[in-house]
Amino acid sequence: MTDSFIIAIDGPAAAGKGTLSRRIAEQYGFHHLDTGLTYRATAKALIDARLPLDDETVAEKMAREVELAGLDRDILSKHEIGEAASKIAVMPAVRRALVEAQRRFSEKAPGAVLDGRDIGTVVCPDAPVKLYVTASPEVRAKRRYDEIIGKGGSADFEAIFEDVKRRDDRDMNRADSPMKPAVDAHLLDTSEMSIEAAFQAAKSFIDAALSRNA
Ligand code: C5P
């Protein structure tokens with residue numbers, strides 16, 4: 001039993017779920033965990049130790065050592081770490097270890113917002129609010145591209161677009177916990193919706209669920 005009100009937010013990379021999750025957590029004074037960072041931290045620990053990315057026993061050991069309090073978005077946001085994360089995320093033992101830690105986090109009172117790929121389906125299937133935030137691959141690739149250019153970097157749109165599609169394919173087609181909307185998730189397609197509009201839509205679902213819970 002837990003007194004925590006859980007908001008589960010899933011969807012593919014660059015659909016806007018990170019920004020939306022942070023905004024929701026701030027609005028309601030809830031804790032927030034970007035679960036992608038837990039897969040990224042596991043992958044980075046393996047890379048730093050020059051260990052292989054295809055040994056499930058070794059990867060599970062690293063996953064069990066991940067400290068949720070020490071996850072640093074800036075350090076973990078590198079493209080290569082995201083690619084490596086999606087490779088180790090297919091391993092059931094790695095997922096079991098990280099899901100245990102994520103479930104413990106979700107029990108924090110007064111509430112928690114968790115975002116990822118399998119929160120509404122596997123990590124917190126009883127969450128009273130589930131959102132599935134998506135956008136077309138073209139729009140997501142364009143957002144990534146604009147973000148890199150905006151920071152003064154250089155980028156190749158076609159290469160980013162191919163990366164987005166490859167990562168979606170790996171996340172949607174893995175056997176264990178594939179990325180998909182929970183049957184009771186509210187779908188938010190941000191292809192042509194501003195983050196503000198998505199936030200307002202999310203807020204109305206959350207407020208309705210909070211008043212049912214009260
Ligand atoms: O969201 P982010 O891009 O940081 O996630 C990196 C990778 O971690 C994803 O491509 C996915 O393979 C994996 N992941 C996952 N389940 C989650 C969160 C992330 O499999 N709940």
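All ligand and atom numbering here is 1-based and tracks the order in the structure. What you see is a predicted model; the values in this text were computed from it and never measured. Residue numbers count from 1 along this sequence.
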Completion exercise
Contact region, Q102 to ligand 1, non-hydrogen atoms below 4.0 Å, reads neither
Handout entry: Connected-component partners of V139 among ILVMFWY, side-chain separation under 4.5 Å
Key = none
Exercise for the section: Can you pull out the closest protein heavy atom to atom 12 (O) of ligand 1? Residue, atom name and distance to 0.1 Å, please. Expected result: D171 OD1, 2.6 Å
Exercise for the section: Return yes when R174 approaches ligand 1 closer than 4.0 angstrom through a heavy atom, no otherwise. Expected result: yes
Completion exercise
Within the 4.0 Å heavy-atom cut-off, what A89 brings close to ligand 1 is side chain
Practice task
Go through ligand 1 atom by atom and flag the ones less than 4.0 Å from a non-hydrogen atom of G116.
Solution key: 18 (C), 21 (N)
Handout entry: Short side-chain to backbone donor-acceptor contact, D10 and I119, under 3.5 Å
Key = yes
Handout entry: Within one Ile-Leu-Val-Met-Phe-Trp-Tyr cluster: I75 and I47, side-chain cutoff 4.5 Å
Key = no
Practice task
Could you tell me which atoms of ligand 1, counted from 1 in the order shown, lie closer than 4.0 angstrom to a heavy atom of R167?
Solution key: 3 (O), 6 (C), 9 (C), 10 (O)
Exercise for the section: Report yes or no: is the cationic atom of K130 (NZ for Lys, CZ for Arg) under 6.0 Å from the centre of the six-membered ring of Y132, at an angle within 45° of the ring normal? Expected result: no
Practice task
Keeping the roles fixed (side chain from R174, backbone from V90), state whether a donor-acceptor pair exists under 3.5 Å.
Solution key: no
Handout entry: Ligand-side contact atoms (ligand 1) for residue partner D118, heavy atom cut-off under 4.0 Å
Key = 16 (N), 17 (C), 21 (N)
Exercise for the section: Report the nearest protein non-hydrogen atom to atom 18 (C) of ligand 1: residue, atom name, distance rounded to 0.1 Å. Expected result: T35 OG1, 3.5 Å
Problem - Within residues 51-72 or reaching into it, pairs that qualify as ring-ring contact (aromatic ring centres under 6.0 Å, His included) - sequence neighbours excluded - result: none
Exercise for the section: Look at the rings of F105 and H31 and say which category their plane angle falls in: under 30° parallel, 30 to 60° tilted, over 60° perpendicular. Expected result: perpendicular
Fill in the blank from the handout: In this structure, atom 14 (N) of ligand 1 is nearest to the protein heavy atom Y39 CD1, 3.6 Å
Practice task
Say whether R170 and ligand 1 are in contact under the criterion: heavy-atom distance to a ligand atom below 4.0 Å.
Solution key: no
Fill in the blank from the handout: closest protein heavy atom to atom 7 (C) of ligand 1 is A85 CB, 3.9 Å
Problem - Check: R140 side chain, A14 main-chain N or O, donor-acceptor pair, under 3.5 Å - result: no
Handout entry: Nearest neighbour in protein (non-hydrogen) for atom 1 (O) of ligand 1
Key = R117 NH1, 2.9 Å
Practice task
Check R40 against ligand 1 and report side chain, backbone, both or neither, counting heavy atoms closer than 4.0 Å.
Solution key: side chain
Problem - Nearest neighbour in protein (non-hydrogen) for atom 20 (O) of ligand 1 - result: R95 NH1, 2.8 Å
Completion exercise
From the list M179, K180, M172, side chain to side chain contact (heavy atoms under 4.5 Å, CB included) partner of R117 resolves to M179
